[in-house]
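Please read the structure below before turning to the comments.
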There are 2 protein chains.
Amino acid sequence: MTSDTSVPESGPPANGLPRRAGIADVAARAGVSVGTASKALNGRGNLREETRARVRAAAEELEFAPSTVARSLLTGRTFTVGIITTDSYGRFSIPIMRGAEDALGLGEMLAFLCDSRDDPIREQHHIKRLLERRVDGIIVAGRRTDARQPVGRNLPVPVVYALAPSADESDISVTSDEPGAARLAIDHLVRTGRRRIAHITGPHSHASSRVRADSTVEALRAHGLELVGDPWFGSWSEAWGRFAVAQLLRSDPDVDGIFCGADVIARGATDALRESGASLPMQVGVVGVDNWVISAEAARPPLTTVDLGLQELGRRAGELLIAAIDGSPAPGLHTVPGHLVVRES
Amino acid sequence: MTSDTSVPESGPPANGLPRRAGIADVAARAGVSVGTASKALNGRGNLREETRARVRAAAEELEFAPSTVARSLLTGRTFTVGIITTDSYGRFSIPIMRGAEDALGLGEMLAFLCDSRDDPIREQHHIKRLLERRVDGIIVAGRRTDARQPVGRNLPVPVVYALAPSADESDISVTSDEPGAARLAIDHLVRTGRRRIAHITGPHSHASSRVRADSTVEALRAHGLELVGDPWFGSWSEAWGRFAVAQLLRSDPDVDGIFCGADVIARGATDALRESGASLPMQVGVVGVDNWVISAEAARPPLTTVDLGLQELGRRAGELLIAAIDGSPAPGLHTVPGHLVVRES
DNA sequence: GTGAATCGGACAAACGGTTTCCTAAGTTTT
DNA sequence: AAAACTTAGGAAACCGTTTGTCCGATTCAC
């Protein structure tokens with residue numbers, strides 16, 4: 001074997017950055033052809049073990065890292081997906097992204113992050129740029145459970161919708177089990193002896209508010225109970241929680257359980273209850289939704305709440321996308337179950 | 001011109017996904033060679049305007065989207081960067097990512113998102129995968145302002161450290177202006193007539209706690225004032241804020257201003273003050289740090305707080321990275337200033 | 001010792017664009 | 001009308017890797 005220099009010699013260093021070794025450098029150093037080097041490193045072809053070892057050693061010494069872009073060009077796969085979030089990395093997209101990254105990481109895929117800021121134009125722009133980059137698939141993560149318009153027809157790659165399902169039922173969507181969340185909350189309240197239960201939640205314009213409210217009534221009925229008063233639709237804020245509780249205590253002072261549509265509302269509710277002199281959780285039980293640790297653990301008392309399983313939802317979205325990429329799409333609306341996190345409220 | 005079929009005809013559709021048109025299809029449809037089609041679309045070469053138009057029309061009809069992976073192979077640039085966050089998309093990395101995406105988007109770059117979960121092994125793994133994908137650069141976003149070990153020596157691409165600066169001063173780092181943040185808070189308290197000011201902050205083990213505490217003392221001195229008592233080091237939590245205020249009111253009942261090292265602490269502090277019967281902001285002024293809207297706006301009263309400019313920091317990191325990629329690295333520690341957000345506390 | 005089977009590795013095509021070089025017209029000059 | 005320029009567009013090289021084909025050299029059977 002002709003002894004080569006240990007560093008790739010020619011080519012412009014230009015900037016201060018070190019030059020990258022290519023497979024040609026490795027092959028030269030190991031004294032074989034490029035094709036042989038490739039086979040040696042990928043376990044293909046018929047090669048003597050000694051040759052393989054020699055090539056591996058050369059690759060090691062040169063810190064050879066094969067360019068996936070060259071490989072992609074050949075195979076048509078980039079092992080790359082795009083995640084488009086409409087939520088500016090807010091409360092919902094964060095756990096979804098985490099879960100998705102988990103699932104994708106197992107498939108050795110990396111995710112491009114795109115924040116559409118809920119602007120359809122930005123969204124289209126991102127889709128275009130993702131397709132130019134030949135991503136293998138796209139996840140569209142929403143911020144509400146209301147159905148949304150599909151991101152495009154006849155895209156050349158599979159798309160999975162997370163949280164906000166696509167209006168087109170032949171698309172692949174994953175969302176949270178809203179009725180189940182309401183049941184978990186009500187079952188817990190009833191199990192802990194509450195009988196006069198009220199419901200304070202977000203805007204009536206949000207699908208999840210309406211669905212949860214309906215499911216709450218249903219879940220109570222299954223226990224032979226009626227909701228105390230009507231559901232209190234308002235906003236996703238502590239102030240609304242406080243205000244609604246103040247009103248509630250006037251109209252129904254004997255309430256002993258409150259199911260809140262969000263942790264922030266529940267936190268406002270507990271504050272108002274406490275300040276009205278009620279002792280928690282003895283007198284009134286409160287259950288929230290989100291298990292948003294920041295709110296739930298800082299509340300007094302710490303909130304019992306329904307975790308919607310958003311991270312699991314993200315993971316599921318990643319898995320469904322990978323399946324679709326591999327040729328087994330599972331169209332339709334999938335749901336992931338939530339679970340109750342019992343704290344002290 | 002020989003009239004072609006409007007869709008690329010040959011090749012395996014295989015899956016249900018539509019086939020993608022390549023530049024060869026465009027060229028065929030426009031009745032020119034591949035090279036000419038490329039020139040027409042990129043505004044190169046000497047072509048009749050009529051030819052360009054014909055090619056553009058063909059590209060349009062075929063929804064041609066040039067593969068950046070092919071282009072990258074040739075140019076060596078992928079217009080792609082990696083963002084490694086140690087923070088599981090927490091409070092700090094979110095605004096940083098937003099800012100970085102802003103800056104990178106202007107350069108038509110897309111970002112791979114990698115969550116290292118503060119695990120050096122995961123981090124190295126991500127670095128390796130990013131380099132295989134030939135990213136043009138890497139942003140490493142930390143979660144504290146303590147300096148950290150560099151992510152590797154002699155990497156073939158530029159790296160910018162955000163929030164947590166690299167211990168190697170020849171690396172490129174951006175962090176927040178901690179002393180400036182303390183000054184903003186103290187100046188505001190003094191300007192609104194406070195004279196007996198205390199400081200409640202996070203763990204002594206965090207650089208930002210120590211730096212802010214020292215700078216607080218200094219800023220007070222500049223006004224001819226002394227800190228009331230010692231800085232209260234504790235944890236970044238509401239419970240600590242409440243506890244510290246309870247103690248503080250016993251040791252120094254005449255305190256009229258509190259600078260808290262975080263909004264969560266400040267929120268705990270305002271709760272404890274309010275519950276002790278103090279009227280806010282008349283009797284005691286409170287200033288936090290973070291401008292974390294969720295905490296700051298839900299507090300009673302809404303918190304006046306120092307915004308560390310994390311989104312701006314992310315943007316700056318993106319800009320510095322782009323500059324380094326373009327051959328003009330700016331090594332050293334850069335800082336971005338914060339600003340005061342005045343609410344009612 | 002000869003032919004067949006096996007083995008190890010070189011060679012070249014391919015992926016999808018961009019770019020450089022070159023040629024065949026058309027246009028101007030003398 | 002021939003020489004000198006322009007102009008428009010084609011042919012081919014190139015980027016870095018994988019992979020199928022093919023060929024020379026051993027080894028084996030007879």
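When reading the values below, keep in mind they use all heavy atoms of this one structure, side chains included, and skip hydrogens, waters and symmetry mates. All chains are named by letter (A, B, ...) in the order of the sequence lines, taking the proteins before the strands, and each is independently numbered beginning at 1.
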In whole angstroms, the gap separating C1' of D:dT18 from CZ of A:Arg77 amounts to 16 Å
| query | Could A:Lys128 and A:Glu123 be called an ion pair, given the rule that one side-chain N must be under 4.0 Å from one carboxylate O? | reply | no
note: A:Asn46, atom CG; D:dT26, atom C1'; distance rounded to Å ~ 14 Å
Practice problem: Might you work through the salt bridge (Lys or Arg N to Asp or Glu O under 4.0 Å) test for A:Arg56 and A:Glu49, ending with a clear yes or no? | Solution: CA-CA 10 Å; A:Arg56 270 197 297 268; A:Glu49 182 50 37; 2.9 Å; yes
Practice prompt. Pick base, sugar-phosphate or nothing for A:Ser72, based on heavy-atom distances below 4.0 Å to the nucleic acid.
Written response: nothing
| Can any side-chain N or O of B:Arg54 pair as donor or acceptor with the backbone N or O of B:Ala30 at less than 3.5 Å? | yes
**OP:** Tell me yes or no: between the side chains of B:Ser328 and B:Asp326, is some donor less than 3.5 Å from an acceptor?
**Re:** no
- Would you mind checking if A:Asp25 and A:Arg20 are paired as a salt bridge, meaning a charged N to carboxylate O distance below 4.0 Å? no
Atom CG of A:Leu47 and atom P of D:dT18 are separated, to the nearest Å, by 13 Å
### A:Asp136 (side chain) donor-acceptor with A:Phe79 (main chain) under 3.5 angstrom
yes
Taken to the nearest whole Å, CZ/A:Arg19 to C1'/D:dG16 is 12 Å
Separation of D:dG16 atom C1' from A:Arg20 atom CZ, nearest Å, is 12 Å
Letter by letter from the 5' end, nucleotides 15-28 of chain C scores (B base, S sugar-phosphate only, - none; protein heavy atoms under 4.0 Å) BBBBBB--------
When rounded to whole Å, the CZ to C1' distance for the pair A:Arg48 and C:dT6 reads 14 Å
From CZ of A:Arg54 across to C1' of C:dG8 the rounded distance in Å is 11 Å
